Amino acid sequence: MGEHPSPSPAVAACAEAERIEELEPEAEERPPAAPEDHWKVLFDQFDPGNTGYISTGKFRSLLESHSSKLDPHKREVLLALADSHADGQICYQDFVNLMSNKRSNSFRQAILQGNRRLRSKALLEEKGLNLSQRLIRHVAYETLPREIDRKWYYDSYTCCPPPWFMITVTLLEVAFFLYNGVSLDQFVLQVTHPRYLKNSLVYHPRLRAQAWRYLTYIFMHAGIEHLGLNVVLQLLVGVPLEMVHGATRIGLVYVAGVVAGSLAVSVADMTAPVVGSSGGVYALVSAHLANIVMNWSGMKCQFKLLRMAVALICMSMEFGRAVWLRFHPSAYPPCPHPSFVAHLGGVAVGITLGVVVLRNYEQRLQDQSLWWIFVAMYTIFVLFAIFWNIFAYTLLDLKLPPPP
């Protein structure tokens, strides 16, 4: 997919600042300034008294006189911000956040207030878009509940970097599955093969001291039926979410779900191994579905009720398969088949940390009190699980299956 034909908001704003400086006949020559210096110079032109504020009237005049340098939707957002300040002034920090594309929580509130004054047509009504633009618009309506956020994303997205995280993880999972399928000569219900647990990537309760297994188990799947659903959900849900929220945030939710899944098994199903990426997948899908429900009226994706029902049915079928397999007679007694508890750990991460991430598009998560509450809860759970793994197995005198 090619880049969006219009420049990104940050680039347009920077070009605008440079143009205004060039129009000043008495401006002294100076070395190239950092982006923050551009905003300072531009702000000082309208704040000769160095008060730290400029009037919304002056701000509107600046936007209207140089509107050709801004994307249309970006200009609408900036005008909405100007209209939302009841005191008639904009502080320097809001101005910097605005021009550098750093949208704080206070800036979001101002945008939401000013959005009531926007009168332009919705992004969905625009005509003459090419395939790339239609795809970006489709992703915006699939994941974002507010029209102002959809417009902002549509103007800002450049496909650089591409959604590499989910694609890379998916390709690695498929590659490891194919390798194991060839080496075991079995692709359906690989987990029933007597040598399946000998792989060094699988989490096994006897080998829980090998810390990498709490993460690498995602590259091992019970069979092609297990891998297939996880891959489909990762690509259909994970890739669009990464396109909107970025690899860092989506990767954080995914990895947190994976680690929570294996730790949950080590606490609640202590004798069972773990395989599959369901912890991370269920974290992403649960967060996405919860975000849709919490913003039902704002989400404009087509057939959302039917699609939610299909997603829930698929997740329930996969969870049912995992429960059945866990209690099916084992192919390598006395060790049972892999646990299903990792699915529940992923759901718990999705409806806590995941929801906060998806509800705060381009906002600083550190400004959200719920974010810190859920981070603290997750940290406490991880610490509890670590101490549980160190001491509980011995104190309970639990009889574990032998190592594979």
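What you are looking at is a predicted structure, and each value in this text was computed from that prediction instead of being measured.
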Between E142 and R137, does any side-chain N to carboxylate O distance fall below 4.0 Å?
no
Within 45° of the axis and under 6.0 Å from the centre of the six-membered ring of Y361, does NZ or CZ of R146 qualify? no
| task | Just say parallel, tilted or perpendicular for the rings of H343 and H226, cut-offs at 30° and 60°. | result | parallel
Distance col, row L236:CG vs L284:CG, nearest 0.5 angstrom, shows 12.5 Å
Test side-chain hydrogen bond (donor to acceptor under 3.5 Å, both in side chains) on E147 and Y141 and set out the steps.
CA-CA 9 Å; E147 183 67 18; Y141 275 93; 3.2 Å; yes
Original post:
Is there a side-chain contact between S339 and P273, using heavy atoms and a 4.5 Å cut-off?
Top reply: no
If the plane angle is over 60° it's perpendicular, under 30° parallel, otherwise tilted; pick one for F391 and F387. parallel
- Message: For a ring pair (Phe, Tyr, Trp, His ring centres under 6.0 Å) check, start with the C-alpha distance between H337 and Y332, then their side-chain angles and the critical distance, and finish with the verdict.
- Response: CA-CA 8 Å; H337 282 146; Y332 23 75; 5.5 Å; yes
CG of L289 to CE of M308, rounded to nearest 0.5 Å, is 5.0 Å
Q.
Classify the ring geometry of F219 against F176: parallel below 30°, tilted from 30° to 60°, perpendicular beyond 60°.
A. tilted
For M220 and N180 the tightest heavy-atom approach is SD-ND2, 3.0 Å
Practice prompt. Tell me, yes or no, whether the heavy-atom count around W164 atom CH2, taken from other residues, nucleotides or ligands under 6.0 Å, exceeds 12.
Written response: no
Subject >> Test side-chain contact (heavy atoms from CB on, under 4.5 Å) applied to L215 and S262, step by step >> reply: CA-CA 8 Å; L215 184 62; S262 54; over 6 Å; no
Self-check item: Intermediate values then yes/no, side-chain hydrogen bond (donor to acceptor under 3.5 Å, both in side chains), Y154 and D149
Solution: CA-CA 8 Å; Y154 178 81; D149 284 338; over 6 Å; no
Open item on the list: Run T192 and Q186 through side-chain hydrogen bond (donor to acceptor under 3.5 Å, both in side chains) and show every step you take.
Closed with: CA-CA 9 Å; T192 60; Q186 185 171 338; 3.1 Å; yes
From the list T170, I218, V169, side chain to side chain contact (heavy atoms under 4.5 Å, CB included) partner of S277 resolves to I218
>> Would you say the ring centers of F177 and H221 fall short of 6.0 Å from each other?
In response: no
| request: Check whether the side chains of N199 and Y217 place a donor and an acceptor atom closer than 3.5 Å, and report yes or no. | output: no
- Task: Begin with the C-alpha distance, continue with both residues' side-chain angles, and end with the deciding distance and a verdict on side-chain hydrogen bond (donor to acceptor under 3.5 Å, both in side chains) for Y282 and E318.
- Result: CA-CA 11 Å; Y282 274 55; E318 160 58 21; 5.1 Å; no
